[in-house]
Participant: 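Take this structure, written in structure tokens, and hold onto it; I'll ask about it next.
Quick note: residue numbers are just sequence positions, from 1. As the structure lists them, so they are numbered: ligands from 1, and atoms in each ligand from 1.
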Amino acid sequence: MTRISIFTTVLACATTISAQCGSGTPNAKVTGSGSAFTAVKGSTTVYTGSDYRLAIQSALDSISSGQRVSVIASGSIGANTISIGSGKIFEGCGTINVANKAGKGAIESLNTVGVQIPYLTMTGNPYFGLRFYGTKDLVLGKITMNLSGGLGIRFDRDAAANTNVKMDVINVTGAGSHAVETWNIDGLTINQVIAKNVGESGLLLQKTTNAKVGLVDGNNVGAGTGYGTLRFANNNGQNANGNYNTNVYVDKVVSRGGGRGIFCVSQSGGAVITTVDLANNGNNAILIENCYNISIKGGTVNGGGEVRLAARTEFPNNKDISITLKVDGAAVRESPCGDNTTWTLTGSPSSKNICA
Ligand SMILES: *[C@@H]1O[C@H](CO)[C@@H](O)[C@H](O)[C@H]1NC(C)=O
Ligand SMILES: *[C@@H]1O[C@H](CO)[C@@H](O)[C@H](O)[C@H]1NC(C)=O
Ligand SMILES: *[C@@H]1O[C@H](CO)[C@@H](O)[C@H](O)[C@H]1NC(C)=O
Ligand SMILES: *[C@@H]1O[C@H](CO)[C@@H](O)[C@H](O)[C@H]1NC(C)=O
């Protein structure tokens with residue numbers, strides 16, 4: 001996993017993430033518990049009262065670009081939104097409980113430059129836990145969401161694009177929808193996405209180019225749906241000039257149970273997945289449908305649904321798909337035949353219907 005360590009180093013060098021949440025001297029702090037919270041900026045009290053959300057927002061509003069807020073207190077913000085402005089560093093050291101505000105993030109940063117969220121622990125049932133668009137140089141660090149519904153991290157579809165987004169370890173449990181859903185990012189580096197008991201996708205990339213992902217690890221993701229641990233959709237990986245030269249690199253995908261393991265659809269491609277470890281997926285272990293220049297370079301499928309190359313008639317057929325894989329106890333099927341498919345199969349698939 002050389003690539004993971006390289007990415008981690010790049011991430012560490014690029015940011016000023018403190019060694020531990022709240023360590024050193026944050027410029028502002030939120031402390032307290034129950035119905036008594038205090039926000040201070042240096043030695044100035046900027047909020048005191050029972051409103052946890054307002055304490056946090058007051059702390060954020062008191063700092064300037066380049067400064068850091070550490071939220072030490074745990075509490076509930078209710079069906080509300082915390083907003084982070086350009087250059088600000090937000091650390092959620094306590095547990096931030098949230099609720100559903102339709103169409104909004106519990107925490108948002110929109111049209112900003114250089115925002116960092118090095119640490120965050122979130123619980124509850126948000127519409128979006130974190131919501132972004134129009135960001136540049138956004139850095140997310142260790143983000144843990146133990147949710148009872150909602151979508152973990154979302155980059156909006158119908159809004160300004162993002163450039164240079166970095167994420168370290170994103171760990172989402174219990175989302176009703178996706179753990180992480182991107183739209184419109186050019187330049188994305190993710191160390192790990194860990195998704196457990198999530199309703200739709202673990203990592204869903206759409207209209208995202210120049211992406212490097214270390215590990216996507218899904219356990220019971222998208223059960224009973226066509227979603228799964230890793231999904232590329234809606235022209236993901238299509239370069240600005242229209243071609244599909246490789247620009248999306250994923251080191252490893254691990255998937256257990258749930259819906260699909262890996263699903264590429266709707267004219268996505270330009271991707272290399274170095275290795276996979278997929279077992280007992282309830283839907284296709286792998287489904288590649290109308291995708292271009294996708295290479296899976298190795299790994300295993302053990303049981304579960306078919307490894308399938310397919311095509312819908314609404315888009316051009318699969319092209320330049322290359323799969324090297326050990327398959328045991330699952331079917332392998334290519335139908336219709338893709339254009340320039342390369343298979344290197346080992347193991348004992350339960351059946352094999354591929355084009356020569
Ligand atoms: C996650 O949240 C649920 C409640 O929604 C709780 O029962 C469980 O203990 C939490 N898990 C962890 C590891 O904090
Ligand atoms: C992910 O977060 C859950 C709490 O929601 C925790 O129990 C689990 O250990 C975390 N997993 C990893 C790999 O950090
Ligand atoms: C796939 O991407 C690689 C790397 O950029 C490129 O060399 C190759 O030409 C692409 N293949 C096709 C058929 O587009
Ligand atoms: C066929 O696909 C392979 C990789 O899967 C690629 O290297 C090669 O260039 C493709 N051939 C043509 C004729 O595009």
Participant: Which of the numbered atoms in ligand 2 are under 4.0 angstrom from any heavy atom belonging to I194?
Facilitator: 13 (C)
Participant: For ligand 4, which atoms have a heavy atom of S322 less than 4.0 angstrom away?
Facilitator: 5 (O)
Participant: Looking only at distances, can you tell me whether any N or O atom of N340, backbone or side chain, sits closer than 3.5 Å to an N or O atom of ligand 4?
Facilitator: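 Among all N and O atoms of N340, at least one is under 3.5 Å from an N or O of ligand 4.
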Participant: Identify whether the distance between the nearest side-chain nitrogen and carboxylate oxygen of D168 and K166 falls below 4.0 Å.
Facilitator: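 Not counted as a salt bridge, because no side-chain N and carboxylate O are separated by less than 4.0 Å.
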Participant: Using a cut-off of under 3.5 Å, which N/O atoms of ligand 1 pair up with protein N/O atoms, and what distance separates each pair?
Facilitator:
| unit_1 | atom_1 | unit_2 | atom_2 | d |
| --- | --- | --- | --- | --- |
| ligand 1 | 2 (O) | N146 | OD1 | 3.4 |
| ligand 1 | 2 (O) | N146 | ND2 | 2.4 |
| ligand 1 | 11 (N) | N146 | ND2 | 2.8 |
| ligand 1 | 14 (O) | N146 | ND2 | 3.4 |

Participant: For Y292, check ring-ring contact (aromatic ring centres under 6.0 Å, His included) against everything at least two apart and list the hits.
Facilitator: Y244
Participant: Measure from NZ or CZ of R260 to the centre of the six-membered ring of F263, then state whether that distance is under 6.0 Å and the direction lies within 45° of the axis.
Facilitator: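 Judged by the rule, R260 and F263 form a cation-pi pair.
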Participant: Could you please spell out the steps behind the salt bridge (Lys or Arg N to Asp or Glu O under 4.0 Å) verdict for R256 and D277?
Facilitator: CA-CA 9 Å; R256 296 285 178 273; D277 170 2; 2.8 Å; yes
Participant: Once ring-ring contact (aromatic ring centres under 6.0 Å, His included) is applied, do any residues pair with F90, and if so which ones, sequence neighbours excluded?
Facilitator: none
Participant: Residues in ring-ring contact (aromatic ring centres under 6.0 Å, His included) with F232, at least two apart?
Facilitator: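 F232 satisfies ring-ring contact (aromatic ring centres under 6.0 Å, His included) with no other residue.
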Participant: Is the count of non-hydrogen atoms from other residues, nucleotides or ligands lying under 6.0 Å from Y47 atom OH greater than 12?
Facilitator: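 Atom OH in Y47 is crowded, with more than 12 foreign heavy atoms closer than 6.0 Å.
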